[in-house]
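Shown next, in structure tokens, is the structure this report addresses.
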Amino acid sequence: MCLICGWVYDEEAGLPDEDIAPGTRWADVPMNWTCPECGARKDDFEMVAL
């Protein structure tokens, strides 16, 4: 979950529009990726259980 805006990355859904395939684990998302809602860096995310 993004600590800035609250957007949640869903590993099952991925982000096909950003070339991140469904099933892509969070650990495998590139370090230079940014939040699609607010532009925060991957470092600004925290793992949460939903």
Side-chain angles (χ1 to χ4, degrees):
M1 178 178 77
C2 179
L3 297 173
I4 307 299
C5 72
W7 185 83
V8 176
Y9 173 73
D10 181 351
E11 291 182 344
E12 288 184 25
L15 286 168
D17 292 344
E18 295 189 26
D19 296 323
I20 299 176
T24 300
R25 295 177 340 144
W26 176 246
D28 297 329
V29 172
M31 285 305 297
N32 64 347
W33 176 85
T34 57
C35 177
E37 292 294 315
C38 71
R41 299 172 315 178
K42 188 176 175 186
D43 290 343
D44 293 319
F45 276 70
E46 181 176 281
M47 188 68 79
V48 294
L50 297 176

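Computation of the quantities below employed the complete heavy-atom set of this structure, encompassing side-chain atoms and omitting hydrogens, waters and symmetry-equivalent molecules. What you are looking at is a predicted structure, and each value in this text was computed from that prediction instead of being measured.
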To the closest 0.5 Å, what do you measure between CG (D19) and OG1 (T24)?
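Interatomic distance, D19 CG to T24 OG1, rounded to 0.5 Å: 10.0 Å.
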Rounded distance [0.5 Å steps], OG1 in T34 versus CD in E18
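Between atom OG1 of T34 and atom CD of E18 there are 6.5 Å.
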Nearest heavy atoms of W7 and C35, plus distance in Å
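That closest heavy-atom pairing would be CB-SG, 3.9 Å.
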Where is the tightest heavy-atom contact between P16 and A13, given as atom of each residue plus distance?
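P16 and A13 have their closest heavy atoms at CD-O, 3.6 Å.
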Please list every donor-acceptor pair under 3.5 Å in which a side-chain atom of residues 36-49 meets a protein atom from a residue at least two apart or in another chain.
from : atom 1 : to  : atom 2 : distance (Å)
K42  : NZ     : W26 : O      : 2.9
K42  : NZ     : V29 : O      : 2.7
D44  : OD2    : R41 : N      : 3.4

